[in-house]
Amino acid sequence: MGFWGLEVKPGQPYPYQSDNVQRKLHITQATLGIGSSTKKSIVKCSVGEKSPILLCSLLPEKIESCPLNLEFEEDGLVSFSVIGPRSVHLSGFLEVNGRDSIGDDYES
Amino acid sequence: MGFWGLEVKPGQPYPYQSDNVQRKLHITQATLGIGSSTKKSIVKCSVGEKSPILLCSLLPEKIESCPLNLEFEEDGLVSFSVIGPRSVHLSGFLEVNGRDSIGDDYES
Amino acid sequence: MGFWGLEVKPGQPYPYQSDNVQRKLHITQATLGIGSSTKKSIVKCSVGEKSPILLCSLLPEKIESCPLNLEFEEDGLVSFSVIGPRSVHLSGFLEVNGRDSIGDDYES
Amino acid sequence: MGFWGLEVKPGQPYPYQSDNVQRKLHITQATLGIGSSTKKSIVKCSVGEKSPILLCSLLPEKIESCPLNLEFEEDGLVSFSVIGPRSVHLSGFLEVNGRDSIGDDYES
Amino acid sequence: MGFWGLEVKPGQPYPYQSDNVQRKLHITQATLGIGSSTKKSIVKCSVGEKSPILLCSLLPEKIESCPLNLEFEEDGLVSFSVIGPRSVHLSGFLEVNGRDSIGDDYES
């Protein structure tokens with residue numbers, strides 16, 4: 001229930017184990033990290049055994065931020081990686097499963 | 001309840017049978033696939049017998065990602081295709097029908 | 001409950017009678033139609049007797065898609081038109097009034 | 001519950017009295033008005049005695065539309081103005097307070 | 001329950017104490033402040049002891065506004081800062097915890 005962020009650096013996949021958490025992850029933004037290369041950086045997502053999917057493509061000095069709207073929950077092992085020379089900062093928020101946009105009733 | 005992705009390659013429509021699933025599909029992003037052509041790629045959607053609709057247009061080296069906000073549920077046969085030389089990666093998430101943003105009550 | 005799309009061609013307004021339907025219309029995307037003109041196309045919306053409002057402006061080879069987030073429900077007569085040489089494809093989804101993001105209780 | 005639009009012309013603030021209405025205002029889009037100036041137009045929002053905030057900046061022939069996601073409710077006097085030579089069309093929708101995304105229960 | 005805005009000026013972090021408020025903060029937009037520098041301004045967010053995350057990157061005369069979708073709630077001390085020469089205006093809205101998109105039942 002609050003901010004989530006991850007800097008995905010080139011050259012290694014970043015695992016996210018969605019089953020270990022009681023919260024749904026919403027990823028809502030990608031922003032190019034600081035650097036001088038003008039080549040594009042692409043964020044790739046792999047879920048389990050499925051084919052990897054490209055989530056966004058950031059172009060230095062042209063489009064350095066990109067809104068996203070993704071949810072991860074009970075997906076098993078998810079991994080994020082970057083194709084390109086610069087890191088990408090992912091941000092978003094975590095919510096307790098299925099309870100973010102409704103009044104909770106812990107007290108009732 | 002979690003990530004959904006599809007790489008739509010040029011030259012063939014990709015069917016999605018929305019009636020066969022118990023989940024509503026949200027498509028929230030389109031990103032240009034890897035390639036060298038600088039011609040644009042457009043994503044087209046056909047639902048049943050209705051006229052096809054263009055969903056987004058991606059321009060290499062200018063705009064390579066596009067946020068979407070589409071829902072498919074009980075639409076019958078949906079098909080996605082690409083007009084242009086490069087594939088487009090669609091991403092989003094699946095939710096159990098009508099139950100995504102509210103606490104489920106399976107246990108109550 | 002599912003996909004909605006409309007190609008708005010230049011030169012004629014497209015009416016949408018929001019009172020005749022039991023569903024709320026969400027328009028979430030506009031994409032430039034196929035064509036060769038490089039002049040911009042602007043989508044205009046008129047509701048009842050109110051002043052027309054420009055919804056988005058699409059620039060060929062620069063910005064050919066635009067996310068929207070509009071809802072139409074009990075608005076009476078709505079009409080969409082395009083100022084410019086190329087058509088614009090609107091897309092989105094329909095939901096049963098007020099029931100999209102919560103579990104319905106038809107069975108309870 | 002339905003479309004909302006406002007053309008904000010340069011040179012005068014446009015007041016919106018959020019306390020007089022029973023509905024929450026969502027502003028979801030800004031689009032540059034028709035004109036020939038190539039200078040940018042910026043939308044500014046002032047709420048009560050607080051410092052004005054810039055909401056978006058539109059650049060003719062480059063970025064003429066901008067998605068927004070703002071809510072106004074019980075804010076007292078809100079005013080919108082434009083810095084720059086061309087008007088900006090704001091659009092969005094009104095909902096009955098707190099009841100937009102849930103099934104109403106007037107009949108229960 | 002209503003508009004929230006903050007101008008983040010270069011050179012100093014802006015703290016936001018998310019635990020002191022009964023409301024969830026949604027930040028939905030960033031817009032470049034007025035100025036003449038053509039260098040980019042990047043918004044950075046630090047939450048507690050975690051690594052800082054870049055939220056968006058604004059490019060004068062190219063991309064001066066950026067949609068965001070972030071939520072802050074029970075995050076402890078959050079701080080926003082700008083890397084670059086020009087200020088960035090953040091905007092969004094506050095909601096009472098967990099009660100924004102559902103009808104409240106204070107009267108029931």
Side-chain angles (χ1 to χ4, degrees), chain C residues 16 18-19 24-30 32 38-48 50-80 83-84 88 92 95-106 108, chain D residues 1-9 14 23-38 40-41 43 56-71 80 82 86-108:
Chain C
Y16 177 77
S18 63
D19 289 339
K24 191 194 286 183
L25 171 61
H26 297 252
I27 302 183
T28 59
Q29 198 80 8
L32 202 61
T38 59
K39 284 194 183 157
K40 74 180 128 188
S41 287
I42 296 170
V43 179
K44 188 171 77 175
C45 175
S46 299
V47 176
K50 296 176 200 158
S51 300
I53 293 291
L54 306 184
L55 299 184
C56 66
S57 175
L58 298 171
L59 311 171
E61 303 305 320
K62 290 176 188 164
I63 304 267
E64 299 202 350
S65 288
C66 178
L68 298 170
N69 179 10
L70 296 170
E71 298 186 2
F72 295 90
E73 183 185 26
E74 299 170 22
D75 281 301
L77 184 61
V78 178
S79 91
F80 301 102
I83 305 168
V88 175
E95 62 165 305
V96 173
N97 284 353
R99 291 196 172 273
D100 179 69
S101 64
I102 186 167
D104 66 49
D105 49 9
Y106 292 156
S108 37
Chain D
M1 241 187 298
F3 184 74
W4 177 91
L6 175 69
E7 180 181 358
V8 182
K9 294 176 185 164
Y14 283 69
R23 293 168 170 196
K24 190 194 286 185
L25 171 62
H26 296 252
I27 301 183
T28 59
Q29 198 79 7
T31 292
L32 202 60
I34 290 168
S36 57
S37 169
T38 58
K40 76 178 126 187
S41 287
V43 179
C56 66
S57 175
L58 298 172
L59 311 171
E61 304 304 321
K62 289 176 189 163
I63 304 266
E64 300 202 349
S65 288
C66 179
L68 299 170
N69 179 9
L70 297 170
E71 299 187 1
F80 301 102
V82 164
R86 284 166 66 175
S87 73
V88 175
H89 292 240
L90 300 176
S91 57
F93 54 94
L94 287 159
E95 62 165 303
V96 172
N97 285 353
R99 289 196 172 275
D100 180 70
S101 64
I102 185 165
D104 66 49
D105 50 9
Y106 293 158
E107 288 87 39
S108 35

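Below, read A as the first sequence line, B as the second, and so on, with proteins coming before strands; counting in each chain starts at 1.
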Side chain / backbone / both / neither for C:L25 at chain D, heavy atoms under 4.5 Å: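 No part of C:L25 comes within 4.5 Å of chain D.
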Testing the basics here: between [X] and [Y], what is the closest heavy-atom pair and its distance to 0.1 Å?
X: D:T28; Y: C:N69; answer: OG1-O, 2.7 Å
X: D:F3; Y: C:V47; answer: CD2-CG2, 3.5 Å
X: D:G33; Y: C:L54; answer: CA-CD1, 4.0 Å
X: C:I53; Y: D:G5; answer: CD1-C, 3.6 Å
X: D:Q29; Y: C:C66; answer: NE2-SG, 3.2 Å

Closest-packed option against chain C by number of heavy-atom pairs under 4.5 Å, given D:V88, D:T31, D:L6: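 Most heavy-atom pairs within the cutoff with chain C belong to D:T31.
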Report all side-chain donor-acceptor pairs from residues 56-63 of chain D shorter than 3.5 Å, counting only partners two or more places apart or in another chain.
{"unit_1": "D:S57", "atom_1": "OG", "unit_2": "E:E64", "atom_2": "OE1", "d": "2.8"}
{"unit_1": "D:E61", "atom_1": "OE2", "unit_2": "C:K40", "atom_2": "NZ", "d": "3.2"}
{"unit_1": "D:K62", "atom_1": "NZ", "unit_2": "E:E61", "atom_2": "O", "d": "3.1"}

D:L68 portion near chain C, given a 4.5 angstrom heavy-atom threshold: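 Neither part; nothing is under 4.5 Å.
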